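No experiment lies behind these values; they were computed from the predicted model shown.
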Amino acid sequence: MLPSDMQIRTALDRAASMITDKPSIGQRVYSSLAIVEDGLACRVTEKNHDLVADLPRSMGGSDAGPSPSVLLRAALSSCIAMGVKMWAARKGVAIQRVEVNVQTDVDARGQFGVADAIAAGFEDVRVSIRLQSDADAKALQEIVDTSLRYSPLMDAFKRSHTIATNVEFNPPAEVR
């Protein structure tokens, strides 16, 4: 059974209250482990979730799963969609359906290293949000604005981050 808007609101209010009372509860490190052995298919594990990422055959993969770029767009679009529903529940506004379409522009010359002046990543990102609700447009826009303001993945896309990289050569295999 899916949670009701009231159950979502209660859970979110409880979590916000706990974090307000004890900020350390909300300060965590999350970790995903990605392993590629044969070919390019990559097994990714975090907590009790496993998924497979791969590349299409045209890029040397076996198409055993979505590409990392697909997963990134899926992560951003789902984060925004869930965020809108979460903030609507917290504000007591009923939204029957949220659709989020994320489009990215790429120039593959950057990724393949054939044009150093071209970025390897996305050039532009566009987000389109569609809502079905009987609520008034002003209330819905406020919910969308709030959800985008507090979206962890929107923040990750908009802000640059320091990335620390550690590389080990020929370490002993991790026992699973």
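A heavy-atom distance below 4.5 Å is not found between the side chains of Arg126 and Asn101. Within the 4.5 Å cutoff, no side-chain heavy atoms of Leu131 are placed close to those of Ile143. Counting only heavy atoms from C-beta outward, the side chains of Glu123 and Ile118 approach each other to under 4.5 Å. Side-chain contact between Val44 and His49 is absent, with no heavy atoms from C-beta onward closer than 4.5 Å. Residues Ser151 and Phe157 form no side-chain contact, since every pair of their non-hydrogen atoms from C-beta on lies 4.5 Å or further apart. Side-chain contact check for Ser31 versus Glu46: every heavy-atom pair is 4.5 Å or farther apart. The shortest side-chain heavy-atom distance between Ile95 and Trp87 does not fall under the 4.5 Å cut-off. At a threshold of 4.5 Å between non-hydrogen side-chain atoms, the residues Val93 and Arg90 do not count as touching.
In this structure a side-chain-to-backbone donor-acceptor pair under 3.5 Å is present from Ser133 to Ala94. Using a distance-only test at 3.5 Å, with no hydrogens or angles considered, a donor-acceptor pair links the side chain of Thr20 to the main chain of Ala16. A donor-acceptor contact shorter than 3.5 Å links the side chain of Thr146 to the backbone of Glu142. Between the side chain of Asp54 and the backbone N or O of Gly61 there is no donor-acceptor pair closer than 3.5 Å.
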Check your understanding: Could you walk me through whether Met18 and Arg14 pass the side chain to side chain contact (heavy atoms under 4.5 Å, CB included) check?
Key -> CA-CA 6 Å; Met18 288 172 42; Arg14 185 178 337 110; 4.1 Å; yes
Check your understanding: Checking side chain to side chain contact (heavy atoms under 4.5 Å, CB included) for the pair Leu153/Ile80: CA distance, chi angles, key distance, verdict?
Key -> CA-CA 8 Å; Leu153 291 183; Ile80 293 168; over 6 Å; no
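When all heavy atoms are compared, the tightest approach of Val102 to Ser77 is CG2-CB, 3.6 Å. Leu55 and Pro68 make their closest contact through CD2-CD, 4.1 Å (heavy atoms, listed as atom of the first residue, atom of the second, distance). The minimum heavy-atom distance linking Leu71 with Ala53 is given by the pair CD1-CB, 3.7 Å. Heavy-atom minimum distance, Ser147 versus Val84: OG-CG2, 3.3 Å. Annotation for Ala135 and Leu140: closest pair O-CD1, 3.6 Å, computed over non-hydrogen atoms. Closest non-hydrogen pair, Val98 versus Lys85, comes out as CG2-CG, 3.7 Å.
A salt bridge is defined here as a Lys NZ or Arg NE, NH1 or NH2 lying under 4.0 Å from an Asp or Glu carboxylate O, and Lys138 with Asp136 fails to meet this definition.
The distance from atom CD of Gln7 to atom CE of Met1, rounded to the nearest 0.5 Å, is 5.5 Å. Atoms CD and CZ, on Gln103 and Arg73 in that order, are 9.5 Å from each other to the nearest 0.5 Å. Atom OG of Ser17 sits about 12.5 Å away from atom CG of Leu12, to the nearest 0.5 Å. With rounding to the nearest 0.5 angstrom, the CZ atom of Arg130 is 8.5 Å from the CZ atom of Arg97. Summarising the geometry, atom CZ belonging to Arg57 is positioned 11.5 Å from atom CG belonging to Leu40; distances are rounded to the nearest 0.5 Å.
Arg43 pairs with exactly one of Leu51, Ile35, Leu33 by the side chain to side chain contact (heavy atoms under 4.5 Å, CB included) rule, that one being Ile35.
In this structure, Ile129 is not a member of the same hydrophobic cluster as Met82, with clusters built from ILVMFWY side-chain heavy atoms closer than 4.5 Å. Residues Met154 and Val100 are members of one and the same hydrophobic cluster, defined by side-chain heavy-atom contacts under 4.5 angstrom among Ile, Leu, Val, Met, Phe, Trp and Tyr. Following chains of ILVMFWY side-chain contacts shorter than 4.5 Å, one can reach Tyr150 starting from Leu76, so the two form part of one hydrophobic cluster.
Atom CG of Asp105 has more than 12 neighbouring heavy atoms from other residues, nucleotides or ligands inside a 6.0 Å radius.
Under the side-chain hydrogen bond (donor to acceptor under 3.5 Å, both in side chains) criterion, Ser78 pairs with no residue, sequence neighbours left out.
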